[in-house]
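Report on the structure given below.
Keep in mind the model is a prediction, meaning the values are calculated, not measured.
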Amino acid sequence: MKSILIDGNSLIYRTFYAIREMSNSKGVPTNAIYGFVNILVKIQEEYQPDYLGIAFDLKAPTFRHLAYDDYKGGRHKMPELLEEQFAILKQLLIKMDIPILELAGFEADDIIGTLAMIGAEKGYQTEIITGDRDAFQLVGPNVKVLYTKKGISQLEAVDEAWIQQEYGLTPKDLIELKALMGDKSDNIPGIAGIGEKTGIKLIQKYQTLDNLYAHIDDEKGKQKEKLIAGKEAAYKSRMLGTIKLDVPWDGDFKELSFHNIFNAESIEMLKELEFKNILSRIDQTDTVETIEKAVGFQWIKTDQELAELLAVLAATEEVTIYYHQEETGVYLAMEIENRYYYLNAQVVEKLKFFEKLLSLKNVTTLEITSQDLKNLIHIFHQAGITEVNEAFDTYVATYLLSPGDQRYDLKTAAYKYLSRTILDDEEMFGKGKKRVKASELDEQLLADYFVKNCETVKSLKTVLEKELDETGMMSLFKTIEMPLLEVMASMEELGFKIDRSQLEVLSGDFESKLKGLTREIYELAETDEFNINSPKQLGEVLFEKLKLPVVKKTKTGYSTNIDVLEQLIHFHPIVEKIIDYRTLSKLDSTYGRGLMTFVEPKTNKIYSTFNQTVAATGRLSSSAPNLQNIPVKTEMGREIRRVFVPSDADHILVDADYSQIELRVLAHLSGDENLIDAFKKEQDIHTRTASEIFGVPLEAVSRTQRGQAKAINFGLIYGKQAFSLGKELGISRNEAQNYIDRYFARYPKVQDYMGNVKKQAKEDGYVTSIWGRRRYIPEMNSRNGILVQAGERMALNTPIQGSAADIIKLAMIRVYNRLNVEQLEAELILQVHDELIIDTPKNEQEQVERLIKEEMEGAAQLSVPITVDVNSGASWYELK
DNA sequence: CGTCTACTCT
DNA sequence: CATGAGAGTAGACGT
């Protein structure tokens, strides 16, 4: 057995002086605690003792003080910065459930000495962590001291051999030595005029004080006089400097049993202290299972048990579900009225759980809480349950509360909001090649896992609800984000019909053109074949072989992006071919061959995934494949849109897009009368802007002027600066600044608004959309000016982009519901930020065109009108 | 398997 | 000092 005893006072002094000042964001000093905790982490990770105890001195006087008034006299008072941390450390140790050893009348040393002796008798190996050399006297066959050397970065292992080498003495000799030489720090006098060197010599010769004075006549001269004069002081010093080995400790080593120091409470406190380093380390060690509350549950295995569960479900309004879907089926843990139930995939299948659920009369009104409800909706839909009451998705709620985070999975959320470390599916089942099926794992383990995670979802909901209320986002969550789940699930399930043969033709066309271009490029380069797709190889050909001027470099070599190539176009005919090659290569790899791999052969449809928890501004994103970036700008790219067709010959695509939604939002947010006026009169906004800043009548605005105004309008939304605006327009930075100044002169409230947003972002640390969607921007208070500027641009753009996202999300819900209410067959199948596409039976076209315009335009009431343009056609290409 | 570069959209 | 917001994907390349 191994035990570790720590001299808490000594260690915290050491860490306090060894680590530079630090504090958390609330100004609480933390350096000493930080160092202390680091050592505890090291103990847990490396030493893994069976017992651990930390001893502290009490303020009350000890037997030494009673014997000697000046004991430890002359010591400075504990610095305030340390005193504050001392108290916090003790609280932390209590939360870590580490025994704090204190005893009135004794010092930490004495407690440690006594415990070390008790341990030694039991045959334990004991290690004492301290920065006080006094403890060396305790060293023995079973006792070592880990001495904090060089601050705290190293622990020197001090054993008998080490002491012999360092002093030429045994550990016990050190007591006698100290009696002679004293200890300045404890104000132990020793004998005046005897220091370390003489002391060591004397002890080597006589071993003990008694022996020394028995042979005092062997000494002579001044030294003898000093020894005789100091006899009383020496014995007193020995008493003071001898660590007691028999303090009255009535405890048991069992109380010192070491266990994981990271539990919900201690982790919470580490978070408050903002020890991110330490928290990330323990996160990775992943040894922690902190759900201490054992969750009892009922394992549903028989028809009878399932019938009972269904009866419970029929009598409730709320249910929390943790689910896991794989090829073999769906595993479920459920919480109903604080009782837990578990069904494995085999039971779900065999007992026909979902079929029975379908016939439950309250199935459509059950308020369901889960992590990732959109996928659960898919599962329900597959089972024929078409109406689902999505009450609370912990995944979306977690995203909403802090949409700039990287991940919102249950593990991350449980850690952040509950200070719990749980297992997630990835850890439970592995990923990639190592993925295993649930049925391959231990049944009991599996059941336990599902129930625990279900309990976590339930607990998480309580915390997230409170947070949503406190941040004013509950209404956004309830009226937009939750109802939207079903709309997105529906879009995912419906998919977008593809004209496969046309896509094949298109892709073949791209590929044959690419072949020709490849040959031409090799000829023009006068080279052997090289990989044109490799920026590295292309750079070598352009800038080394053909010696074209280097325009720009990347971190790793020559830049060959489109800006660079366009500047080189007149230097060599190869450049134009490369631009064409790039364009075609992108079109084929991503949209030709690329899309082909996503076409489901059975239905000839593409099924994209829509993600609600990715974009920090509140937008949706689309992936696998991304249908929100299908080419449109160039004619060749736009051809791709011909393959996106209605679901059958009796259908037509109806498309509706918001006109200038972001600038309208800006007009609303800023309240600028001039900008509002432009929209109220439904003028062409870029022409109007040009008229304002160039001081010409609307009719006299030239194409160039309109183009420049358009660039300014868009630039504004993104916080663009004069430098790049000038670059874009091919004018000087000064001229560009002049345009921006004139813009703000004509739209003064836009300028005010932007100033206010930045100010607010700096003060609050976040910005909000019209519906209260919040985004934290920590960059605003960075010390790095570049980051602050980037933060300002986010602060400017997010309320605009975010409000536009709110509006179209509301519109999606309205359109979806209206189509249902009017019992139309038309279906919403795609959203592209400001655009909705509806697959519509031809006989519903007029009705749908009218309805979609109404619902989109009526989604929000701003201080400017919102207008929607509607188009219909036989392919996405025709919707312009 | 992760990072980099380049390119597509609103 | 860098210089336009928000996304996703393919291919190359290095580990």
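Nearest approach of A:L484 to A:Q612, heavy atoms of both residues: CD2-NE2, 3.9 Å.
Minimum atom distance to the side chain of A:M794 is reached by C:dA5, of the listed C:dA5, C:dA2, C:dA12. Checked against C:dA2, C:dC13, C:dA5, the side chain of A:R793 finds its nearest nucleotide in C:dA5. For A:Q801, taking side-chain heavy atoms from C-beta onward, the closest of the listed nucleotides C:dA7, C:dA5, B:dA6 is C:dA5. The side chain of A:S623 has C:dT9 as its nearest neighbour among C:dT9, C:dA2, B:dA6. Looking at the side chain of A:Y591, the nearest of the listed nucleotides C:dG6, B:dT8, C:dG11 is B:dT8. Taking only side-chain atoms of A:R582, from C-beta outward, the nucleotide of B:dC4, B:dC7, C:dT9 with the closest atom is B:dC7. Picking from C:dG4, C:dA2, C:dA5 the nucleotide with the shortest atom distance to the side chain of A:N797 gives C:dA5. Nearest nucleotide to the side chain of A:T583, out of B:dC7, B:dT10, B:dT8: B:dT8. Each of B:dT8, C:dA5, C:dA7 was ranked by its minimum atom distance to the side chain of A:P631; first place goes to B:dT8. Of the listed nucleotides (C:dA7, B:dT10, C:dC13), C:dC13 has the atom at the smallest distance from the side chain of A:S534.
Between A:Y581 atom OH and C:dA10 atom C1' the separation is 12 Å, expressed in whole Å. Put simply, CD on A:E779 is 11 Å from P on C:dA5, counting in whole angstrom units. In this structure, the CZ atom of A:F610 is 13 Å from the C1' atom of C:dA7, given to the nearest Å. Distance A:K536 NZ to B:dT5 P: 13 Å, rounded to the nearest Å. Rounding to whole angstrom units, OH of residue A:Y658 and P of B:dT10 are separated by 17 Å. Between the P atom of B:dT10 and the NZ atom of A:K633 lies a distance of 7 Å, rounded to the nearest Å. Here the P atom of nucleotide B:dT8 and the CG atom of A:D588 are 13 Å apart, to the nearest Å.
A:T798 comes within 4.0 angstrom of nothing in the nucleic acid, heavy atoms only. Heavy atoms of A:Q537 sit under 4.0 angstrom from primed sugar atoms or phosphate atoms, though from no base atom. Across all strands shown, A:L587 has no heavy atoms under 4.0 Å from either base or sugar-phosphate atoms. Note on A:K727: nothing from the nucleic acid sits closer than 4.0 angstrom, heavy atoms only. Residue contacts shown for A:I562 are limited to sugar-phosphate atoms, with no base heavy atom under 4.0 Å away. Within the nucleic acid shown, A:R638 has no heavy atom closer than 4.0 Å to any nucleic acid atom. Backbone-only engagement by A:A624 is indicated by non-hydrogen atom pairs under 4.0 Å involving sugar-phosphate atoms exclusively. As judged by a 4.0 angstrom heavy-atom cut-off over every strand, A:A805 is placed among residues making no nucleic acid contact. Note on A:N784: nothing from the nucleic acid sits closer than 4.0 angstrom, heavy atoms only. Residue A:N629 is in base contact, counting any heavy-atom pair closer than 4.0 Å across all strands shown. A:S622 comes within 4.0 angstrom of sugar-phosphate atoms only, judged by non-hydrogen atoms across all strands, and of no base. Among the atoms of the strands shown, base atoms are found under 4.0 Å from some heavy atom of A:R619.
Here the separation of C:dT3 from B:dA6, taken at their P atoms, is 15 Å to the nearest Å. Comparing the same atom, P, in B:dT3 and in C:dG4 gives a spacing of 26 Å after rounding to whole Å.
Checking the phosphate oxygens (OP1, OP2) of C:dC1, no side-chain nitrogen or oxygen of A:R783 falls inside 4.0 Å. Regarding contacts with the backbone of C:dA12, a side-chain N or O of A:N531 is found under 4.0 angstrom from either OP1 or OP2. Distances shown here put a side-chain N or O of A:S621 below 4.0 Å from the OP1 or OP2 atom of C:dG8.
A salt bridge links A:E639 with A:R642; the closest basic N to acidic carboxylate O contact falls under 4.0 Å. Using a 4.0 Å cut-off between charged side-chain N and carboxylate O, A:R407 and A:D409 make a salt bridge.
Side-chain atoms of A:R774 never come within 3.5 Å of backbone atoms of A:Y766 as a donor-acceptor pair (strictly under, hydrogens ignored).
Note: A:W876 and A:F496 have parallel aromatic rings, judged against thresholds of 30 and 60 degrees for the angle between ring planes.
Side-chain N/O atoms of A:N531 and A:S534 include no donor and acceptor closer than 3.5 Å.
By the 4.5 Å heavy-atom criterion applied to side chains, A:L542 and A:Y558 are not counted as neighbours.
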